[in-house]
Structure formats: C-alpha cells, structure tokens
Protein chains: 2
Amino acid sequence: MGSGKTTSFDIAHRAGVSQATVSRALRDSPLVNPKTRERIKRVARELNYQVDRTAAGLRSQHSHTLAILLFEDPTTDDSQINPFFLSMLGNITRAAARRNYDVLVSFQQLSDDWHIKYQVSNRADGIILLGYGDYSGFADKVDKLVKAKARFVVWGATGPGLSGQTIGCDNASGAFDATSHLIKLGRKNIAFFGGTTHNSPEFRQRYEGYCKALRAAGLNVDAGLQFDADSQETAGASATVSLLESGKPFDAIFAASDLIAIGAIKRLRAEGLRIPTDVSVVGFDNIPAASYFNPSLTTVHQDTIAAGEQLVSQLIGMIKGEQRESQLLQPSLVIRGSCGG
Amino acid sequence: MGSGKTTSFDIAHRAGVSQATVSRALRDSPLVNPKTRERIKRVARELNYQVDRTAAGLRSQHSHTLAILLFEDPTTDDSQINPFFLSMLGNITRAAARRNYDVLVSFQQLSDDWHIKYQVSNRADGIILLGYGDYSGFADKVDKLVKAKARFVVWGATGPGLSGQTIGCDNASGAFDATSHLIKLGRKNIAFFGGTTHNSPEFRQRYEGYCKALRAAGLNVDAGLQFDADSQETAGASATVSLLESGKPFDAIFAASDLIAIGAIKRLRAEGLRIPTDVSVVGFDNIPAASYFNPSLTTVHQDTIAAGEQLVSQLIGMIKGEQRESQLLQPSLVIRGSCGG
DNA sequence: CAAGTTTATGCAATCGTATTCAGTTAAATT
DNA sequence: AATTTAACTGAATACGATTGCATAAACTTG
C-alpha cells in the first residue's frame, strides 16, 4: 500500500504471478505463456508501469546506452560548437534511437580522465569518440581503453598505433577529388590550409590527397604553399594573411575545413580579391552554412547520416560480441560557386 | 580473487576498512576521519576505481543525469536537424557538464509516450523539453508530467494551460523590435511568415509582437499579409509563392525563423526581386548560417548559451527542491544586410 | 503406461552501492 | 573517577530488476 513507485512486484501481485514472470513477460521471453504475457502486459499498461532501467542495468550489467564523447579544441572555450560535429551528434542520436539505445552526450577536454570515467563507471555499454584537434596523447588513452576491453569506435582517421575500430571518411580521396577539380579548372598554384604536423590525422590525410592530386597532374608540390590552420574560421583568416605575406603567387586554396575556407574567403575579399575569379576556394565537410555562404562553397561532402548509422551499428555490433572491421566512407565533391567553372 | 571489476569491497579490503567507510570517504562525508579518507582515496586511485553509477543510482534513487527531449517536426523525417536546436543542445550539455551532470539526449515524435518513458524509468532526474512545432496535445502530456511530480523545464512560450516551469525568450519583444526596425527603414507593407493558428505559441507571440509594432507606428494590420509557415526553409519558399500570388503590394517580410527567411529570399531572388532593395527581410533565431548567407541576414538573436545555462540551473534547482519562477530571456536584434539601411 | 521431453512457473541469489542503526573508542565534562 | 559526549566505524539491509536452478504440469513416444 506504499505510496512508493510501482514495481514489478506490484504488477506481479495484480496479475497473480511471481515477479520473475513479470520480468520475463515484459521482455518477451519465450519462457512465458503467451496468454500470461498478454495479461501481464495489460496490467503493466494499466498501472503505467515502466521498468526501472537503473535496476535492470545493475543486474544485467548493461545500460542500453551509448556515450558520445566530443573532444573540443581547448582553444574554443565559449564559442559555438563546430556545426559538423553537432550534425554528427544529431545523426548518431537518431541512429541509436532507431535501435532503442539511449545516448549520453559529454564534452571532454583531451586532458581529462575520460578514458577511465566511462570505461568503468558503467554508464554506457559503448563509447563513440568524436573530434578534430590535436591528438597527441590521444592514442595512449585509446590504448588504455583497448586494454580495459572497453567497447568503442572512433570517428576519424586510423592514426599510427591507433588500435580499435575506426569509422572515417576517405579523407585522402576527398581531398584528391577536390584538388583535381581545381586543377581541371586550370588552377596551377593551389595553396593548402590546414595543419600537417601537430594537428589531426584527418588534416594530414587531406594534405596527402592534395599532394597526390598535384603529382598526378604533373604539378609540383610546393611546401611553401601549405599553411597551418586548425578547424576554426579565424585560423582560415590568419592562414590567408600568411599566404599573402609570403608573396607567393596563388590562384586557388584548398581548405581542410569549411570554416577555414569561409575565414579565408572573408579575408581575401577584404583584400579586394574576387572569388572565384581571382582565387578559387574549396572546403571540406559541407556544413549547412556552406550552401548559404556567398559565394556558395564548393566542398567535400561527408554524409553524416550514413556516418552516424555506421558508427552506431558498428558499436552495437561490437557490444553484442561480433567481430567488426574498420570502415571507410566515400565522400563526394559538391560543386558550388566558390571555385568557378 | 575474481577477475571481475573492482568494487568498493576490493578497495575496502585493501585499505583495511569496511565498504561502508569507502562509500562515505569517496563522497567526502564528514563522518570519516580525514586521514582515513585520504588513504582510501589513494587506494581507489591506484586501482583505477570508479563508483558504479548504476548501482549508486539504484540505491540513492537519483541518476545525476538530465534528459533532453527534442521534439521534431514529424514532417522533417531524414533531413537535417534544425541548427538552432542543435546549438541549444550543445549549450545545455555544456552547462550540465559544468555542474557535473550527464546529459541523455533523445529525439521524440510528439505522438510517443515520452511523458511516461522518462518520468518513471529513472533514467534522469529531470527533463528539458525542447522544440517548435505543433503543440496540440502537448499541454495534456505536460500536465501528466506535473501530476507525476516529474521535474522538468520547458523551452519556449508559456502556453495556455501550460503549467510547470518555462524558460523562453521574449518572442513578442524580439518581434516588436524587428518589425519596428523595418518600419524605421520606411517599409510600409510588411508581410509576416509563420503560422498563427495550429503552430507553436512561439510563432504566435512573434506574430503578436509584429502586430503591436505596426499599431504602435499607426500602421494597419492586414491579415492578408500573414502567411502560414512552419520552421522549415521550404515553408518560406511556399509562403513567398502565396504572397506573390495574392497580388498584394509588399516591401518587407518578417519571418518567424531564419530558415523561413532564407527560403523566402531564395524564392524572391528567383523571381528577380532584389534584397534588400526591393524587399527587406528579417528572420528570427540567428542560426550560424544567418551570418554566412548572402545577403547576410538581419535577425533576432537568441542567446543560446544563456538559455542553456538558465534551463540547466533552473532544472537542477528544482531537483534540489528549490522553488523557481519561469524566466524570460531578452533577445536582441542583429542588423545585417538583408534589411537594407 | 512408464519414461522421457517440453513448457511454464516460482524461489532465491545476485548486481554494487548508499544508508540506518548500533556499537566502540577517545575526549570532555562534572 | 564516573559519566556524558563526540567522533568514527562496521554489520546489515534496501534499491528493483535479471537469471540460474529446481520443479510441477502437460505432452510425447516406444
């Protein structure tokens, strides 16, 4: 008669069966007679009963929950979050929902002890790691995850020594296509904006794709045309300044992210250069703003819906004990106004 | 000597105390001797021990988790999620993280039994409801939440009969400012895009602010200049078509969302009209794309960082048993290119 | 019809922590 | 010195499900 919450005991009593049978019935166990099951379910519905997921989780040792860990550029502080990852986040959540998994979202600084926090504290059955940025020290922690037998998938590149499952887009191929397109348009001096050293493996792969395209067309790779930039808009602006100051001739820029491209275009405009007449620009990611920008931005599209779907299905597969291989998604070039032609 | 996970018993044994003391020490209870506490904490660290949140939650009956329920326009299916809400989502998560709360994200169709699902199943201590869209039947479910004594806050307007705590921006005031600005620029025939009837209370409030501004300037409110539109870009396009077909003269549009505004501008352009020379357009939300759009979009800015902060602090306050009042955030007009002047 | 199977069900033991209640010292008070 | 008080600690239990094991009834089968 307690005013407490309804438990499986209450509904067991009401249905004239044991609590164990209630538990089984609600989970559609074949062990319980169909008629009994229906009766139990009806009573449960009448009492607005819902299984206490905490208790269930404790007993069964899994939470039916996936954790998304989004690693932020520590530099970014209070500014808005990279729209590309927000979009990923949304699509992952949807994909998880389709499979009846809940999603726990968490922003992390790379310095944190995230590798312990979720692996052990039983909040999630598996982890999805998302993020650009400086991955130094990242591999170590991922290794700890592996050793702890945590289930997780990483979005991004399969870095050196990065064990575990990875879902990523074929950055090199996307960059190759983008650069080749610029070459096809007759551009000869194509600059690359995006870090190659301390930055993310994604950016490095994009640089490699860029180099490959140049070589494939018989053009020289001029290291002096590569400028560091993290994924922010401001980085695009400063890279542009560096480029201009270098005095090198250039007629195109391939930026490792849309935000970099946008930052660059704004800066170029401020200097009186016309896009795409004087300079062709191509970005990467195809964030929503890319199509709204003026000029609309030619960019490499990553299918975040497919990516979310893949990440989730991969991770859930691993949770269920299946053996899975890393996957590479094929990006596609979206041609818009910023490159001319 | 089980190979199982480390529990509080393991560390109790290792530290030569009881499990109860371990539990207390790790939670900084004043009941345990400082020296003992330090020793316990050290052992815990050595063993990489983390409290099992599931077990803790079961025992203490709270999860230290907030759930975000994002209500989607059922029309939207697989398209991308409204960037405004993605941004809210990000900022809420950050605000929650600052207070050491985890965040559970869930997309819901309004038809679902969400009102039961989270209220009872103990997944979250409190709920944040987000979403535009048709709120019919929404109030009922919110009432059920209230009756079930669920802790929750709603983002949006305090609708009729919408009990419970609400955090929202002052839509009427934002709309008033936006419309007044258009009037100040000399526009006389200002259309309004956004539903007034079956749509969200937010949109209705924005319409009211629009009307108020017209009246305050001694202008007529012409009901024929109001066109229904949900928050999507396509809706903006179709509203534009309707407006053009109506044959009414117009020199400005106030759209209830940025996406509507963008859809409208694209359509107007396709018809050969110049923005802002022929038609001034103002939006609402200040999504990232607004500043990138061509022409850059004049819009009403909602501070999503402050909103996230408010929602979380309010909700956690309620969870802790404090009495809280609904809050109204002040939006601000961001003047850009699309309105001229 | 006896023996073996299948089908449904209940009992009771977990899962790992938080917390109540009852000590056991050591310090303070009279 | 006797007694109260304060400061810690531990044993035991509760949280609400899941699940291995035992068992009874119903059903096959030779």
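Numbered from 1 within each chain, the chains take letters A, B, ... in sequence-line order.
Evaluation of the salt bridge (charged side-chain N to carboxylate O under 4.0 Å, His left out) rule for A:Arg99 yields A:Glu309 as partners, not counting sequence neighbours. For B:Thr7, the side chain to side chain donor-acceptor pair (under 3.5 Å) criterion is met by no residue, not counting sequence neighbours. Scanning for side chain to side chain donor-acceptor pair (under 3.5 Å) contacts around A:Asp125 gives A:Ser63, with sequence neighbours left out. B:Glu322 is linked by a side chain to side chain donor-acceptor pair (under 3.5 Å) to B:Arg324, counting only residues two or more places apart in sequence or in another chain. Partners of B:Arg42 according to the side chain to side chain donor-acceptor pair (under 3.5 Å) rule, which considers only residues two or more places apart in sequence or in another chain, do not exist here. Remark: A:Gln327 engages A:Ile167, A:Gln310, A:Gln314 in a side chain to side chain contact (heavy atoms under 4.5 Å, CB included) (not counting sequence neighbours).
Within the 4.0 Å cut-off from OP1 or OP2 of C:dG16, not a single side-chain nitrogen or oxygen of B:Tyr49 is found.
With rounding to whole Å, B:Leu26 atom CG is found 11 Å from C:dT17 atom C1'. Between B:Phe9 atom CZ and C:dT17 atom P there is a gap of 8 Å when expressed in whole angstrom units.
On the nucleic acid side, DNA chain D contacts chain A at distances under 4.0 Å to non-hydrogen atoms, with the end points of that region at D:dG16 to D:dG20.
For residues 32-41 of chain A, the side chain to side chain donor-acceptor pair (under 3.5 Å) pairs, not counting sequence neighbours, are A:Asp28-A:Lys41. Identified under the side chain to side chain donor-acceptor pair (under 3.5 Å) test for residues 12-25 of chain B, with sequence neighbours left out: B:Ser8-B:Gln19, B:Ser18-B:Thr21.
Residues B:Leu70 and B:Met88 form no side-chain contact, since every pair of their non-hydrogen atoms from C-beta on lies 4.5 Å or further apart. A 4.5 Å side-chain heavy-atom check between A:Ile127 and A:Leu315 finds every atom pair outside the cut-off. Within the 4.5 Å cutoff, the side chain of A:Thr65 has no heavy atoms near those of the A:Val103 side chain.
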Atom pairs under 3.5 Å, N or O on each side, protein against nucleotides 6-10 of chain C: can you list them with distances?
unit_1	atom_1	unit_2	atom_2	d
C:dT9	OP1	A:Thr36	OG1	3.0
C:dT9	OP2	A:Asn33	N	2.9
C:dT9	OP2	A:Thr36	OG1	3.2
C:dG10	OP1	A:Ser18	N	3.2
C:dG10	OP2	A:Ser18	N	2.7
C:dG10	OP2	A:Ser18	OG	2.8
C:dG10	OP2	A:Thr21	OG1	2.5
C:dG10	N7	A:Arg24	NH2	2.8
C:dG10	O6	A:Arg24	NH2	3.2

Strictly under 3.5 Å: I want the nitrogen or oxygen pairs between protein and nucleotides 24-28 of chain C, one per line.
none

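Nucleic acid contact class of B:Ser23 (heavy atoms, under 4.0 Å, all strands): base.
Taking the screw axis at each terminus of the helix from C:dC1-D:dG30 to C:dT30-D:dA1 from five consecutive base pairs, the angle between the two is 40° to within rounding of 10 degrees.
Salt-bridge check for B:Asp102 with B:Arg53: passed, with a basic side-chain N closer than 4.0 Å to an acidic carboxylate O.
From B:Asn91, atom CG reaches atom CG of B:Leu89 across 9.0 Å, with rounding to the nearest 0.5 Å.
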